[in-house]
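The block underneath contains the structure these notes are about, expressed in structure tokens.
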Amino acid sequence: MADTKRDDPDAPSIAREEESHGHSHSHEMRVISSVVARADHGGERHDFPRVGTPQDKGPCDDDDSGAAPHWNDLTNHDRVVAPRDPDREGDFGVAPASAPITRQGLPSFAQSEFYTIVRRQRRERGEDNLKMKVSHSRVPQLNAEWEFSGWGSMRYLDISPEDHKDAETRLNAPREVLRHLSAMSVSGNDVSGSVFYALPVVFAAAGVYSPLCLLTASLLLLFFRPLLLELAATVRINGSNYVYLLQFSGKMLALVGAAATLLDAVATSTVSAATASAYLSAEFHSMPISTTLLTVLFLVALGVVALAGIRESASATAAVFIFHMIAMAALAVACIVHWATKDPHSTILKQNWALRPGSVGETASALFYGVCVAFLGVTGFECTPSYIEVIRPKDYPSILRNLIAVSAILNTIISFLLCALLPMSTIIDGTNVLSALGRLSGGNWLRILVLVDAVSVLLGGIMTGTVTTIQLLDRMANDHILPHWFSLRLPVTGSQHIATLFSSGLALLLYVGSGMSLSTVSYVFSIAFLFQILLFAVSSLLLKLKRPRLSRPPHAGMLTLLMAFIVVIATWVGNVVIAPIALGVFSASFVVVLASLLVISAQPTILRLVLFFYSASPLSRWAITRGWQRHLVSWYKSRRAARICVWIKDDDIHVMLRALLSVQKNVPDARTVIFVHAYRSIDAVPSELHPNARLLDEAFPTITVDLAFASGNFGPALVEATSRTLDVPRSRMCVISLGRNHPWELSEYGGLRVIM
């Protein structure tokens with residue numbers, strides 16, 4: 001065979017084509033085609049000697065047989081040799097072996113393609129053309145054929161002007177938004193309803209200083225308001241800390257944020273339902289229904305109400321919020337009148353003041369622990385970012401400001417009136433202190449009004465937790481962290497019925513898991529709230545450090561961020577010191593939620609480990625279990641079939657590599673990565689995009705690296721049109737980065753993720 005190839009009549013023509021100074025690119029391609037034809041003649045590839053094969057190495061050498069040999073490493077038998085010309089030596093001719101490196105010029109196009117062909121034909125490839133080695137190596141390689149994802153491809157997308165118009169129409173379609181009062185009431189009921197369960201706890205810690213502690217806790221939220229405004233201006237997407245940490249960090253921290261948000265929202269619903277039940281049980285001792293059963297009924301009933309849709313639910317919460325404000329105003333007026341007429345000399349207030357701590361240390365301790373516990377009076381503030389998409393951008397700053405104002409004014413006034421009209425022992429030991437205050441100041445009618453208000457506003461708190469949970473589950477389902485059926489909607493109301501039922505089920509599970517104890521659930525609630533606002537500070541810090549180009553006004557200063565960290569860490573430590581059991585209960589609940597999310601999101605990784613241990617165990621050899629591998633591999637492939645798009649501007653291979661590593665780390669179910677480049681004219685396409693994509697495709701055997709080109713300017717419309725063309729949801733698309741002067745906000749891309 002070798003003699004036949006040397007006597008081939010085409011060989012002189014090859015030499016003559018290479019000898020010519022002015023040979024063209026087409027000539028070189030004909031040379032390569034001739035070489036390829038001769039290399040594949042008769043279906044044999046062994047005519048080309050293998051340079052540097054493992055047989056030529058010593059036993060301790062590394063196996064780099066897959067590396068391309070240098071042109072000067074090939075023998076004359078392997079080369080397409082042009083006649084030696086001293087004037088051209090080091091150019092297209094072959095430099096002598098003794099020539100210095102500086103005299104050995106770069107190979108021509110034909111020569112470069114030739115040794116690429118040699119390298120590819122030297123590679124030991126299976127019948128399926130897999131990107132795998134059969135020899136042992138210390139470098140990463142495929143362990144089994146089922147891990148191979150396939151070879152990548154390149155294509156130009158056919159996106160017509162009509163496709164652009166359709167995409168713009170879909171993006172500009174009217175969205176459901178809430179009015180100012182409705183949007184505020186969703187979180188406002190939880191914030192304002194805290195007077196029914198936070199005041200006795202605060203008085204037990206701070207005594208007569210409770211009004212000051214409650215006011216201080218409300219004002220400390222002013223350090224967090226700029227952080228929430230900056231985060232919302234940068235990423236206006238539902239999901240709270242889950243979305244922020246996903247955009248600014250990675251999947252692991254995002255799941256931590258999701259677990260914290262989910263636990264806080266579920267605890268909000270559970271505490272509100274249990275407190276409403278306790279209020280009714282304390283007022284009506286002969287109720288035929290137990291407190292536990294009443295709590296379950298409240299959770300189920302509010303879940304049914306949430307099925308009506310967020311707009312209708314928000315209308316109901318707005319009505320409850322208005323009623324609550326009227327009831328609290330009536331209570332305050334009645335208390336002031338009673339104080340002025342029945343106790344003009346403030347006898348009770350003086351008696352309570354006499355019970356204050358005597359020393360400076362005791363006073364400082366009472367104030368510190370009082371402020372720590374008083375943060376229970378501002379819970380609900382952290383739920384607002386979870387439904388940010390249905391809040392008008394111009395309303396969000398005023399909603400946060402009004403929530404702080406409601407908390408500061410209501411808690412301070414009501415707690416001060418308690419000090420003025422009720423003895424300290426009654427306040428601390430009483431269950432329904434506001435009901436007792438209403439009966440004292442206005443009679444039985446005011447007591448009943450306060451009781452009805454307490455139940456209604458606490459049920460509104462259940463709705464706050466339910467809405468927060470639903471929006472988070474919907475966002476995670478759209479991001480393919482959770483199964484897609486969490487985002488399914490009822491055809492009539494448009495509510496996410498499965499997410500709603502799941503939210504109610506989680507609240508019931510938390511209540512049962514805590515032994516149906518209100519105090520235990522309250523411990524989880526207090527620590528979960530503080531952990532949630534701590535993650536807001538962490539998200540803001542990551543935004544400044546890792547995504548500085550994304551930040552949009554308003555900007556939160558570093559001093560504000562530092563003060564937020566100090567406040568939340570100090571209050572967290574204070575709550576743990578007061579009730580050490582709170583940290584234990586929260587940690588156990590948090591670990592269970594986080595572990596569940598990790599298992600759901602890491603199914604491909606878990607299945608790969610199962611396959612590994614199965615292959616290494618006797619199960620793979622026993623006749624009765626030998627067929628399990630086929631089913632496991634099928635299951636693995638079904639769980640790892642996602643396609644991810646990465647929008648890329650330039651052809652820098654290190655940027656492409658970092659993007660690919662980021663996808664591999666954060667999206668374990670990704671089997672195909674499509675680099676998409678938007679171009680205005682074909683001449684502006686970076687020249688190295690295709691070669692670099694091919695190189696990365698070979699470097700990552702378990703991922704198929706495709707390359708696609710979309711004609712147009714990068715923007716929400718092109719992303720939406722490309723999403724429809726490639727059948728890849730926008731939540732499965734990434735972009736390297738968005739500049740400060742980018743004309744569109746990140747939220748306008750509908751879930752597009754920034755990875756650098």
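This chain uses plain numbering: 1 for the first residue, then up along the sequence.
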For [X] and [Y], indicate whether the former's side chain and the latter's backbone hold a donor-acceptor pair under 3.5 Å.
| X | Y | answer |
| --- | --- | --- |
| Asn352 | Met424 | yes |
| Thr426 | Leu422 | no |
| Ser504 | Leu501 | no |
| Asp453 | Leu449 | no |
| Ser456 | Val452 | yes |
| Lys342 | Ser441 | no |
| Gln247 | Leu245 | no |
| Thr261 | Ala258 | no |
| Glu389 | Asn238 | yes |

### Task
Return the orientation label for the Phe590 and Phe531 ring planes: parallel under 30°, perpendicular over 60°, tilted otherwise.
perpendicular
Is any side-chain heavy atom of [X] closer than 4.5 Å to a side-chain heavy atom of [Y]?
| X | Y | result |
| --- | --- | --- |
| Ile391 | Leu178 | no |
| Val186 | Phe321 | no |
| Pro357 | Tyr209 | yes |
| Cys335 | Leu437 | yes |
| Leu543 | Leu550 | yes |
| Gln532 | Ser240 | yes |
| Val521 | Met516 | no |
| Phe586 | Ser526 | no |

Nearest heavy atoms of [X] and [Y], plus distance in Å:
| X | Y | value |
| --- | --- | --- |
| Ala420 | Ile348 | O-CB, 3.6 Å |
| Phe298 | Ala276 | CE1-CB, 3.9 Å |
| Phe381 | Val191 | N-CG2, 3.6 Å |
| Ser386 | Thr468 | OG-CG2, 3.1 Å |
| Gly303 | Thr500 | O-CG2, 3.2 Å |
| Ile404 | Ser218 | CG2-O, 3.4 Å |

Would you give the length of the straight line joining atom [atom1] of [X] to atom [atom2] of [Y], rounded to the nearest 0.5 angstrom?
| X | Y | atom1 | atom2 | result |
| --- | --- | --- | --- | --- |
| Thr384 | Arg225 | OG1 | CZ | 11.5 Å |
| His555 | Leu229 | NE2 | CG | 12.5 Å |
| Ser435 | Ile448 | OG | CD1 | 9.0 Å |

### Message
I'd like to know if Glu283 pairs up with Arg447 as an ion pair, taking the criterion as any Lys NZ or Arg NE/NH1/NH2 lying under 4.0 Å from an Asp or Glu carboxylate oxygen.
### Response
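Yes.
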Polar side chain donor-acceptor pair, [X] to [Y], under 3.5 angstrom:
| X | Y | answer |
| --- | --- | --- |
| Trp353 | Ser346 | no |
| Tyr242 | Ser539 | no |
| Ser514 | Thr520 | no |
| Ser277 | Thr291 | no |
| Asn189 | Ser185 | no |

### Query
Who are the ring pair (Phe, Tyr, Trp, His ring centres under 6.0 Å) partners of Phe486, not counting sequence neighbours?
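Ring pair (Phe, Tyr, Trp, His ring centres under 6.0 Å) list for Phe486, sorted by chain: Phe502.
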### Query
Sequence neighbours excluded, which residues qualify as ring pair (Phe, Tyr, Trp, His ring centres under 6.0 Å) partners of Phe196?
Tyr279, His324
### Task
Verify the ring-centre separation between Trp572 and Phe375: is it less than 6.0 angstrom?
no
Side-chain donor-acceptor distances from residues 266-273 under 3.5 Å, at least two apart:
{"residue": "Thr268", "atom": "OG1", "partner": "Asp264", "partner atom": "O", "Å": "2.7"}
{"residue": "Ser269", "atom": "OG", "partner": "Ile462", "partner atom": "O", "Å": "3.1"}
{"residue": "Ser269", "atom": "OG", "partner": "Thr466", "partner atom": "N", "Å": "3.4"}
{"residue": "Thr270", "atom": "OG1", "partner": "Val266", "partner atom": "O", "Å": "2.8"}
{"residue": "Thr270", "atom": "OG1", "partner": "Ala507", "partner atom": "O", "Å": "3.4"}
{"residue": "Ser272", "atom": "OG", "partner": "Thr268", "partner atom": "O", "Å": "2.8"}

